[in-house]
Amino acid sequence: MARLNILRYPDPRLHTVARPVAAVDGRIRQLVDDLLETMYANDGVGLAATQVDVHERVLVMDTSEQRDQPLVMINPEITWRSDDFAVAEEGCLSVPQIYDRVERHARVKVQALGRDGQPFELDAEGLQAVCVQHEMDHLQGKVFVEYLSALKRDRIRTKLLKKTRDELRDR
């Protein structure tokens with residue numbers, strides 16, 4: 001397994017729409033393992049392949065308290081959304097140390113393939129529903145800060161670009 005480099009907002013590659021996975025093979029299973037290792041190493045609850053510059057419809061997440069219940073979704077599709085919404089504070093490994101409130105559907109149903117290539121359906125609510133919608137946004141080339149006002153987005157962009165310049169200068 002390997003820890004992968006996570007793209008940082010506003011990297012334009014984060015806006016790439018992921019293509020479906022044609023076959024769940026050894027390469028995809030290795031990607032899943034690497035995504036899980038990277039997610040856990042960075043204290044994340046979810047990670048989409050787009051965030052590591054692999055533009056295929058693969059995401060991993062673990063919203064359990066013990067961080068011992070990884071969930072793998074290959075070619076996920078939301079098949080149902082509740083009419084009610086919930087607001088939750090979100091963060092993102094691609095937008096480090098930035099958190100803000102985002103409104104999303106309170107419950108969703110998702111169909112996907114697991115690491116083994118077998119189809120399954122998930123009924124998600126609470127943090128799990130937030131996480132799956134957040135990660136699926138990445139597969140569509142969308143970052144959570146796009147739900148925020150233009151002013152907030154510009155401030156975040158400026159802050160992260162400055163941080164990246166400072167890190168490069170200090171190397």
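Contact check for Phe144 versus Asp137: no side-chain heavy atoms found under the 4.5 Å cut-off. With a 4.5 Å cut-off on side-chain heavy atoms, Gln111 and Pro76 do not count as touching. For the pair Leu36/Met61, no side-chain contact is recorded, criterion being any heavy-atom separation below 4.5 Å from C-beta on. Residues Lys109 and Arg81 are not in side-chain contact: their nearest non-hydrogen atoms beyond the backbone lie 4.5 Å or more apart. Residues Trp80 and Val108 are not in side-chain contact: their nearest non-hydrogen atoms beyond the backbone lie 4.5 Å or more apart. Between Leu35 and Leu31, some side-chain heavy-atom pair lies under the 4.5 Å cut-off. Inter-residue side-chain proximity for Met73 and Val132 is flagged as met; some heavy-atom pair is nearer than 4.5 Å. Annotation: side chain of Val21 is in contact with side chain of Val58 (closest heavy-atom distance under 4.5 Å).
In the hydrophobic clustering of this structure, Ile6 does not group with Ile98; members are Ile, Leu, Val, Met, Phe, Trp, Tyr whose side-chain heavy atoms approach within less than 4.5 Å, directly or through other members. One hydrophobic cluster holds both Leu93 and Val52 under the rule that ILVMFWY side chains link at heavy-atom gaps under 4.5 Å. Hydrophobic clustering of Ile, Leu, Val, Met, Phe, Trp and Tyr side chains at less than 4.5 Å, counting indirect connections, keeps Leu122 apart from Val130. Connection of Phe120 to Leu59 is established within a shared hydrophobic cluster, with ILVMFWY side chains joined at heavy-atom distances below 4.5 Å, either directly or through further cluster members. Residue Leu14 is grouped with residue Leu160 when hydrophobic side chains (ILVMFWY) are merged at heavy-atom distances under 4.5 angstrom, including chains of intermediate members.
The shortest non-hydrogen separation linking Asp123 to Gln128 is O-OE1, 4.0 Å. The minimum heavy-atom distance linking Thr50 with Ala18 is given by the pair OG1-CB, 3.9 Å. The minimum heavy-atom distance between Cys92 and His134, with the atom names listed, is SG-NE2, 3.6 Å. Annotation for Leu139 and Ala48: closest pair CD2-CB, 4.0 Å, computed over non-hydrogen atoms. In plain terms, the two heavy atoms of Pro10 and Arg157 that are nearest each other are CB-NH1, 3.3 Å. Considering every non-hydrogen atom in both His15 and Gly141, the closest pair reads ND1-O, 3.0 Å.
Using a cut-off of 4.0 Å between Lys/Arg side-chain N and Asp/Glu carboxylate O, Arg169 and Asp166 are scored as salt-bridged. Salt-bridge check for Asp116 with Arg29: failed, with every basic side-chain N at 4.0 Å or more from each acidic carboxylate O. Salt-bridge check for Glu90 with Arg104: passed, with a basic side-chain N closer than 4.0 Å to an acidic carboxylate O. Contact check on Lys162 versus Glu167 returns no salt bridge, with no Lys/Arg side-chain nitrogen under 4.0 Å from an Asp/Glu carboxylate oxygen.
One distance of note links CG of Asp62 with CG of Leu47; it measures 12.5 Å at 0.5 Å rounding. In this structure, the separation between CG on Asp53 and CG on Asn5 is 8.5 Å, given to the nearest 0.5 Å. One finds the CG atom of Asp84 at 9.5 Å from the NE2 atom of His105 (value rounded to the nearest 0.5 Å).
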Practice item. Step by step, work out the side chain to side chain contact (heavy atoms under 4.5 Å, CB included) result for Lys163 and Gln97. Key: CA-CA 11 Å; Lys163 184 176 181 176; Gln97 300 171 339; 3.2 Å; yes
Practice item. Given side chain to side chain contact (heavy atoms under 4.5 Å, CB included), test Arg67 with Val45 step by step and report yes or no. Key: CA-CA 8 Å; Arg67 314 281 293 129; Val45 295; 3.9 Å; yes
**Study point:** side chain to side chain contact (heavy atoms under 4.5 Å, CB included) between Arg19 and Arg57, worked out
**Key:** CA-CA 6 Å; Arg19 64 188 175 278; Arg57 294 186 57 78; 5.9 Å; no
Point to revise | Stepwise side chain to side chain contact (heavy atoms under 4.5 Å, CB included) test for Thr63 and Gln69 | key: CA-CA 8 Å; Thr63 57; Gln69 296 174 35; over 6 Å; no
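Around the CD atom of Glu125, the shell of radius 6.0 Å holds no more than 12 heavy atoms that belong to other residues, nucleotides or ligands. Under a cut-off of 6.0 angstrom, the local environment of NZ in Lys159 is sparse, with at most 12 non-hydrogen atoms contributed by other residues, nucleotides or ligands. Counting non-hydrogen atoms of neighbouring residues, nucleotides and ligands closer than 6.0 angstrom, the CZ atom of Arg155 reaches no more than 12 such neighbours. At most 12 heavy atoms of other shown residues, nucleotides or ligands fall within 6.0 angstrom of atom CD in Glu65. When the shell of 6.0 Å around CG of Asp83 is examined, it contains 12 or fewer heavy atoms from other residues, nucleotides or ligands.
Remark: side-chain polar atoms of Thr16 are paired, donor with acceptor, to backbone N or O of Arg13 under 3.5 angstrom. Arg107 contributes no side-chain N or O that, together with a main-chain N or O of Ala124, makes up a donor-acceptor pair within less than 3.5 Å. Formation of a donor-acceptor pair under 3.5 Å by the Glu146 side chain with backbone atoms of Val143 is found in this model. Judged by distance alone, the side chain of Glu77 and the main-chain N or O of Val110 form no donor-acceptor pair under 3.5 Å. Of the possible polar contacts, one joining the Ser82 side chain to the Ala106 backbone as a donor-acceptor pair under 3.5 Å is found. Side-chain atoms of Asn42 never come within 3.5 Å of backbone atoms of Gly44 as a donor-acceptor pair (strictly under, hydrogens ignored). Using modelled atom types, no side-chain atom of Asp11 and backbone atom of Leu7 make a donor-acceptor pair closer than 3.5 Å. Side chain of Glu37 to main chain of Ala2: a donor-acceptor pair is present (N/O by atom type, distance under 3.5 Å, no hydrogens or angles). Judged by distance alone, the side chain of Asp34 and the main-chain N or O of Arg3 form no donor-acceptor pair under 3.5 Å. Between the side chain of Gln118 and the backbone N or O of Gly114, no donor-acceptor pair lies under 3.5 Å.
Side chains of Asp100 and Tyr147: a donor-acceptor N/O pair is absent below 3.5 angstrom, by distance only. Using modelled atom types and a 3.5 Å distance limit, the side chains of Ser94 and Gln51 yield a donor-acceptor pair.
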